[in-house]
Q: 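Attaching a single structure in structure tokens format; questions to follow.
These figures come from a predicted structure and were not determined experimentally.
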Amino acid sequence: RIENGIISSNPMKGTIDAAIPDAKKKIREDKKESAEHTTIVDLIRNDLNIVSEKIWLEKFRYIETIKTNYKNLLQVSSEIRGKMPENYKEHLGSIFADLLPAGSVSGAPKKKTLAIIEYVEDYKRDFYTGVAGWFDGKSIDSFVMIRFIEKQDGQFVFKSGGGITNLSDVNSEYQELIDKIYIPVK
């Protein structure tokens, strides 16, 4: 998001079923989730430093409740901000090009993980894991399309992804992937 000359990014890493006893405490104290979140915050901070100045961490590892069509989830996020140059509106294309692909998709180290992703995937992602958003002439609000429905050959294909680290547990990662396939509700 860019608003009033301030760019901000809110990376989300760490999800848990809110119904699990002591869910907030468990997600906060999980070493793998903490390490993954800290890594992505650092990566996003470095990315924002490419296009802005005076980078700061506004909020670190705050927890939000996400209401879905079948349960509530707790999502851990942070907010990183920076001050944009006065003429940033003249360079929006370059700003997006410098920031993409999003660190929440690539992981770290960014160049190496992107090379691995390109090597192991047998198709082009097209819009999936790209960004979408809007610009009203004053502010930009954008998001990464990490969960995405695409029409292919007359059928709808749901795409979703997640990050893994050397501390990941395959069963926990799979459950998180399943938990994140939902319809948001108010």
Q: Specify the closest pair of heavy atoms between E150 and D126, including all atoms of both residues, with the distance to one decimal.
A: OE2-CB, 4.1 Å
Q: Please report the closest heavy-atom contact between M145 and Y128, naming both atoms and the distance.
A: O-CD1, 3.4 Å
Q: Judged by atom type as modelled, is there a donor-acceptor pair below 3.5 Å linking the side chain of S78 to the main-chain atoms of R61?
A: yes
Q: Once rounded to the nearest 0.5 Å, what's the spacing between atom CG of D98 and atom CG of N49?
A: 11.5 Å
Q: What's the shortest heavy-atom distance between S52 and G82, and which atoms?
A: OG-CA, 3.8 Å
Q: Examine V131 and M12 and state if one hydrophobic cluster contains both, with Ile, Leu, Val, Met, Phe, Trp and Tyr joined whenever side-chain heavy atoms are less than 4.5 Å apart.
A: no
Q: State whether the side chain of K71 and the backbone N or O of A18 hold a donor-acceptor pair below 3.5 Å, judged by distance alone.
A: no
Q: Taking only Lys NZ, Arg NE, NH1 and NH2, and the carboxylate oxygens of Asp or Glu, determine whether K13 and E33 approach each other closer than 4.0 Å.
A: no
Q: Would you say that more than 12 heavy atoms from the other residues, nucleotides or ligands in this model lie under 6.0 Å from the OH of Y174, or not?
A: no
Q: Take a 6.0 Å sphere around CD of E53 and say whether it holds more than 12 heavy atoms from other residues, nucleotides or ligands.
A: yes
Q: Donor-acceptor pair, distance only, cut-off 3.5 Å: does the side chain of E79 make one with the backbone of S9?
A: no
Q: Distance from I140 atom CD1 to F135 atom CZ, nearest 0.5 Å?
A: 5.5 Å
Q: Evaluate side chain to side chain contact (heavy atoms under 4.5 Å, CB included) for S142 paired with R1, printing each intermediate quantity in order.
A: CA-CA 6 Å; S142 65; R1 172 176 289 150; over 6 Å; no
Q: Calculate, to the nearest 0.5 Å, the distance between atoms CD and OG1 belonging to E64 and T15 respectively.
A: 11.0 Å
Q: D136 side chain to K138 main-chain N or O, any donor-acceptor pair under 3.5 Å?
A: yes
Q: Where is the tightest heavy-atom contact between K110 and L99, given as atom of each residue plus distance?
A: NZ-O, 3.3 Å
Q: Any chance CD of Q152 has more than 12 other-residue heavy atoms, nucleotides or ligands included, within less than 6.0 Å?
A: yes
Q: Side chains of Q175 and D179 only: does a donor on one sit below 3.5 Å from an acceptor on the other?
A: yes
Q: Would you say D169's side chain and S172's backbone share a donor-acceptor pair under 3.5 angstrom?
A: yes
Q: Taking all non-hydrogen atoms of both residues into account, name the closest pair between G103 and I40 and its distance.
A: O-CD1, 2.9 Å
Q: Within a radius of less than 6.0 Å around NZ of K24, do more than 12 heavy atoms belonging to other residues, nucleotides or ligands occur?
A: no
Q: Please name all residues satisfying side chain to side chain donor-acceptor pair (under 3.5 Å) with R28, sequence neighbours left out, ordered by chain then number.
A: none
Q: For E118, look at atom CD and say whether over 12 heavy atoms of other residues, nucleotides or ligands are found less than 6.0 Å away.
A: no
Q: Of all heavy-atom pairs between I178 and Y70, which one has the smallest distance, and what is that distance?
A: O-OH, 3.2 Å
Q: Let me check something: do I66 and F143 share a hydrophobic cluster, defined by ILVMFWY side-chain heavy atoms less than 4.5 Å apart, either directly or through other members?
A: no
Q: Is it possible for you to say whether V105 and Y119 belong to one hydrophobic cluster, with membership spreading through side-chain heavy-atom contacts below 4.5 Å?
A: no
Q: For the backbone of I80 and the side chain of S8, can you confirm whether one donor and one acceptor N or O come within less than 3.5 Å of each other?
A: no
Q: Quick check for you: to the nearest 0.5 Å, what is the distance between Q75 atom CD and N10 atom CG?
A: 11.0 Å
Q: To the closest 0.5 Å, what do you measure between CD1 (I117) and OG1 (T129)?
A: 8.0 Å
Q: Measure the acute angle between the ring planes of F60 and H37, then classify it against the limits of 30° and 60° as parallel, tilted or perpendicular.
A: perpendicular
